[in-house]
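Side chains included, hydrogens not; waters and symmetry mates left out as well; all remaining heavy atoms used. In this chain, numbering begins with 1 at the start of the sequence shown. Numbering of ligands and ligand atoms starts at 1, following listing order.
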Amino acid sequence: MEKIRMTTPIVEMDGDEMTRVLWKMIKDELICPYVDLKSEYYDLSLVNRNATNDQITIDSANANKKYGVAVKCATITPNAARMTEYDLKEMWKSPNGTIRAILDGTVFRAPITVKGIEPYVRTWKKPITIARHAYGDVYKNVEIDVPGPGKAELLFTGEDGTEIRENVFEFKGPGVLQGIHNIDKSIASFARSCFNYALDTKQDLWFATKDTISKKYDHTFKDIFQEIYDAEYKERFEKAGIVYFYTLIDDAVARVMKSEGGFIWACKNYDGDVMSDMISSAFGSLAMMTSVLVSPDGKYEYEAAHGTVQRHYYKYLKGEETSTNSVATIFAWTGALRKRGELDGIPELEQYADRLEKAVIQTIESGKMTKDLALITSLENVTVLNSEDFIKAVRQTYDALS
Ligand code: NAP
Ligand code: MG
């Protein structure tokens with residue numbers, strides 16, 4: 001059989017622990033036998049990030065900017081324990097944070113739905129994608145423990161010295177105080193990423209804030225989205241038959257619960273943090289969540305939403321059998337290859353990605369799955385497979401799907 005040819009390389013960002021083990025199995029069994037893989041390889045393992053003083057992460061993000069499409073394996077974000085475990089020179093920053101800052105992107109997370117893993121919300125028939133703004137608000141706050149009576153003010157001093165001053169509160173006793181900010185440029189990037197992704201995936205876009213209470217702060221988010229929509233996207237949305245719709249955050253929550261799914265829900269930073277955990281657990285499993293970083297100028301980085309599955313990796317190192325779910329990592333590859341095919345006009349590559357995803361879903365729906373899914377499925381007569389055998393079973397299904 002002739003392998004599918006690629007014209008532009010995808011940026012391949014390898015990672016750590018169990019997901020690094022799965023990475024190789026996926027390439028050997030599911031990608032390289034079918035695709036003449038062109039990739040520019042970056043080893044983002046913690047060992048190599050430490051050896052290169054994290055330059056490798058920056059280089060990989062720049063390559064992502066250059067070529068447009070990347071696929072990333074889960075990576076360790078160092079903490080105190082990792083400092084000793086890997087004898088690190090520094091507590092290197094989260095690679096995802098570094099890449100996101102360079103691409104100025106928004107992360108879209110969506111569940112992979114299969115029959116037998118039913119969402120806890122009965123009405124949900126289609127995936128709900130969460131888009132989380134990744135800058136500012138409470139994540140870049142300053143806080144004061146107010147010790148006792150006194151006056152709190154908000155003061156802005158312009159570069160020319162002009163002052164804008166607002167009374168916050170006259171404290172009669174102890175309390176707390178917080179200052180938060182955001183910037184128009186970041187909100188606009190977030191809006192464009194969301195509009196582009198909605199057009200890309202042909203799904204409606206919902207956006208919600210609390211603008212009735214926060215008449216300047218949240219209202220600015222609402223206004224920027226609306227202005228950009230009217231000026232740049234309205235016609236394209238109408239042509240694509242999709243809708244942009246703004247509502248209050250509490251109304252959005254109520255509607256989401258009663259919806260069928262099948263849309264993108266754009267959230268401010270805090271709302272996205274909270275709601276993405278709700279959506280992923282309500283849909284069943286973090287191991288079945290895809291994640292893609294989309295920049296406002298249309299660069300893509302595909303990954304799994306889960307981490308490096310450290311506990312399974314230590315079992316693997318001891319030679320014990322693991323049953324780690326590779327679905328989200330396989331979908332990161334198919335997402336990246338499909339996008340590459342779309343951008344380069346290689347329909348065979350897009351069809352290959354579709355077929356591989358179909359094979360994954362059929363394998364699970366036929367009762368063959370990893371342990372994490374076997375524990376929550378409503379299917380009977382399930383066969384629990386180990387990490388490698390699941391990937392091999394997907395290959396068999398793929399081959400049978402001609
Ligand atoms: P994790 O790797 O997501 O795993 C937490 C637990 O969830 C696992 O122990 C396992 O439960 C279950 N799980 C997650 N993915 C699974 C899969 N594919 N198949 C089966 N079970 C799965 O989170 P963590 O253990 O908190 O973090 C480990 C490392 O990952 C950390 O160093 C963290 O910095 C990093 N991390 C990276 C990313 C990223 O690169 N995007 C994201 C998050 C975390 P059981 O043990 O009960 O089987
Ligand atoms: Mg969170």
Side-chain angles (χ1 to χ4, degrees), residues 12-23 25-26 42-50 54 56-57 60-61 64 70-86 88 91-100 103 105 107-109 111-112 114 117 130 132 134 273 276-277 280-281 283-293 301-318 320-333 335-336 360 364 368-377 384-391 394:
E12 178 183 351
M13 304 169 174
D14 206 347
D16 289 297
E17 299 195 311
M18 200 59 211
T19 40
R20 188 182 179 93
V21 175
L22 298 178
W23 195 259
M25 291 179 187
I26 292 168
Y42 292 85
D43 180 5
L44 299 197
S45 66
L46 188 49
V47 173
N48 197 42
R49 278 181 277 147
N50 193 52
D54 211 24
I56 190 74
T57 309
S60 74
N64 198 164
V71 56
K72 180 180 170 292
C73 179
T75 46
I76 294 168
T77 299
N79 55 15
R82 302 295 199 169
M83 292 291 290
T84 351
E85 185 184 354
Y86 285 85
L88 299 180
M91 203 183 280
W92 306 111
K93 285 195 217 137
S94 146
N96 289 44
T98 303
I99 296 165
R100 198 159 60 210
L103 261 66
V107 174
F108 296 84
R109 292 201 157 171
I112 300 156
V114 295
I117 314 287
I130 293 269
R132 174 183 170 189
D273 186 354
S276 63
D277 278 358
S280 65
S281 39
F283 269 104
S285 165
L286 200 59
M288 298 290 282
M289 285 289 278
T290 60
S291 186
V292 55
L293 175 71
E301 182 245 300
Y302 293 84
E303 60 177 347
H306 59 76
T308 60
V309 213
Q310 182 181 19
R311 208 179 65 80
H312 295 207
Y313 182 58
Y314 288 142
K315 281 178 71 178
Y316 168 85
L317 287 182
K318 281 194 256 167
E320 291 171 31
E321 186 166 78
T322 59
S323 181
T324 315
N325 190 332
S326 50
V327 171
T329 307
I330 297 172
F331 273 62
W333 275 99
V360 168
I364 297 171
K368 294 178 192 159
M369 59 189 80
T370 45
K371 192 174 153 199
D372 56 310
L373 296 185
L375 289 171
I376 57 171
T377 186
V384 179
L385 297 178
N386 66 34
S387 308
E388 192 168 11
D389 287 347
F390 175 75
I391 291 170
V394 170

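- Residue contacts with ligand 1: Thr308 is placed with a nitrogen or oxygen under 3.5 Å of a nitrogen or oxygen of the ligand (distance criterion only).
- No side-chain N or O of Ser94 forms a donor-acceptor pair with one of Asn96 less than 3.5 Å apart.
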Check the pair Asn64, Met13 against side-chain contact (heavy atoms from CB on, under 4.5 Å), reporting the backbone distance first and the verdict last.
CA-CA 10 Å; Asn64 198 164; Met13 304 169 174; 3.9 Å; yes

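- Taking a distance limit of 4.0 Å, we find that atom 45 (P) of ligand 1 is approached by some protein heavy atom.
- Among Gln310, Arg311, His306, the residue whose heavy atom lies closest to atom 47 (O) of ligand 1 is Arg311.
- Between Lys371 and ligand 1 there is no heavy-atom distance shorter than 4.0 Å.
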Hey, mind stepping through Met83 and Met91 against side-chain contact (heavy atoms from CB on, under 4.5 Å) and telling me if it holds?
CA-CA 7 Å; Met83 292 291 290; Met91 203 183 280; 3.7 Å; yes

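- Between Thr322 and Tyr313 there is no side-chain heavy-atom pair separated by less than 4.5 Å.
- Of the protein's heavy atoms, Gly307 N, 2.8 Å lies nearest to atom 3 (O) of ligand 1.
- For the side chain to side chain donor-acceptor pair (under 3.5 Å) with Trp92, the qualifying choice from Asn50, Thr77, Asp54 is Asn50, the only one to do so.
- Expressed to the nearest 0.5 Å, how far CG of Leu46 lies from OG1 of Thr308 amounts to 10.0 Å.
- The presence of a protein heavy atom under 4.0 Å from atom 26 (O) of ligand 1 is ruled out.
- Heavy-atom separations between Lys72 and ligand 1 include at least one value shorter than 4.0 Å.
- Here the options are Thr377, Asn325, Leu385, the test is side-chain contact (heavy atoms from CB on, under 4.5 Å), and the partner is Met369; only Thr377 passes.
- In the vicinity of Thr324, heavy-atom distances shorter than 4.0 Å reach the ligand 1 atoms 17 (C), 18 (N), 19 (N).
- Between Arg82 and Asp16, no side-chain nitrogen of the basic residue sits less than 4.0 Å from a carboxylate oxygen of the acidic one, so the salt-bridge criterion is not met.
- A side-chain N or O of Asn386 and one of Glu321 form a donor-acceptor pair less than 3.5 Å apart.
- Atoms of ligand 1 lying under 4.0 Å from at least one heavy atom of Arg82, given by number and element, are 29 (C), 31 (C), 32 (O).
- Contact annotation: for Asp16 versus ligand 1, there are no heavy atoms closer than 4.0 Å.
- Within a 4.0 Å radius of atom 5 (C) of ligand 1, the protein contributes no heavy atom.
- Under the 4.0 Å distance rule, the nearest protein heavy atom to atom 32 (O) of ligand 1 falls inside the cut-off.
- The protein atom (non-hydrogen) at minimum distance from atom 8 (C) of ligand 1 is Val309 CG1, 3.9 Å.
- The distance from ligand 1 to the heavy atoms of Glu303 drops below 4.0 Å at these ligand atoms: 41 (N).
- When hydrogens are left out, the protein atom nearest atom 34 (O) of ligand 1 is Thr77 N, 2.9 Å; that is the closest non-hydrogen contact.
- Distance CG/Leu286 to CG/Asp372: 10.0 Å, rounded to 0.5 Å.
- The shortest contact between atom 41 (N) of ligand 1 and any protein heavy atom is with Asn96 ND2, 3.4 Å.
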Starting from the C-alpha separation in whole Å, work towards a yes-or-no answer on side-chain contact (heavy atoms from CB on, under 4.5 Å) for Arg20 and Asp43.
CA-CA 10 Å; Arg20 188 182 179 93; Asp43 180 5; 2.9 Å; yes

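- Ranking the protein heavy atoms by distance from atom 35 (C) of ligand 1 puts Thr75 O, 3.4 Å first.
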Residue pair Glu12, Trp23: steps toward the side-chain contact (heavy atoms from CB on, under 4.5 Å) verdict
CA-CA 10 Å; Glu12 178 183 351; Trp23 195 259; 3.0 Å; yes

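- The presence of a protein heavy atom under 4.0 Å from atom 12 (C) of ligand 1 is ruled out.
- Of all protein heavy atoms, the one closest to atom 17 (C) of ligand 1 is Ala287 CB, 3.6 Å.
- In this structure, atom 21 (N) of ligand 1 lies nearest to the protein heavy atom His312 CE1, 3.8 Å.
- Annotation: Tyr316, atom OH; neighbour count of heavy atoms from other residues, nucleotides and ligands within 6.0 Å does not exceed 12.
- Of all the atoms in ligand 1, the ones that sit under 4.0 Å from a non-hydrogen atom of Ala74 are 40 (O).
- The protein heavy atom nearest to atom 18 (N) of ligand 1 is Asn325 O, 2.8 Å.
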